[in-house]
Amino acid sequence: MAMKLVKKTAEYSIYKRGDDRYAVKGADKQPVNGEDKVRILVEEGLIKAALPAEPEPEVAEAAEETAAEETAAEETAAEETAAEETAAEETTAEETTAEETTAEETAAEETAVEETAAEEAEEDK
């Protein structure tokens, strides 16, 4: 499979392979592949292919709007989560305060009962 030189420029060389396909080598003698190869061959008129279209301005604007809406939705969700966490912390703090108050009341009642019992014991003597 001999390759025949079809065109040579300062940037690349185009070869036609034995199987009637093309090979493109860059100025550094390394193969050029993918979209770059297709672009070069289309520009030279050797193949006909649909190049990847540039995104239309309307599509780009719609994508930006969608991204902005998603960002806004994420921020709203984050704010709601923060509000829920704050509410949960406040509830926990209130429960803790209520538990502490109940514990203090229980301790005070126990102390009062003990004092009453001690006074009654002294009176009985």
K.L.:
Restricting to side-chain hydrogen bond (donor to acceptor under 3.5 Å, both in side chains), what partner residues turn up for Tyr12, sequence neighbours left out?
P.N.:
Glu44
K.L.:
Could you pull out all residues at least two apart from Ala23 that satisfy side chain to side chain contact (heavy atoms under 4.5 Å, CB included)?
P.N.:
Met3, Tyr15, Arg17
K.L.:
Residues two or more places apart in sequence or in another chain: which of them pass side chain to side chain contact (heavy atoms under 4.5 Å, CB included) with Asn33?
P.N.:
Pro31, Lys37
K.L.:
Enter the distance from Ile14:CD1 to Leu5:CG here, rounded to the nearest 0.5 Å.
P.N.:
9.0 Å
K.L.:
Return the minimal non-hydrogen interatomic distance between Ala27 and Ala10, and the atom names on each side.
P.N.:
CB-O, 3.5 Å
K.L.:
Can you name the salt bridge (Lys or Arg N to Asp or Glu O under 4.0 Å) partners of Glu43, sequence neighbours left out?
P.N.:
Arg39
K.L.:
Rounded at 0.5 Å granularity, tell me how far CG in Asp36 sits from CG in Leu41.
P.N.:
11.0 Å
K.L.:
How long is the straight-line distance from CZ of Arg21 back to CD1 of Ile47, given to the nearest 0.5 Å?
P.N.:
11.5 Å
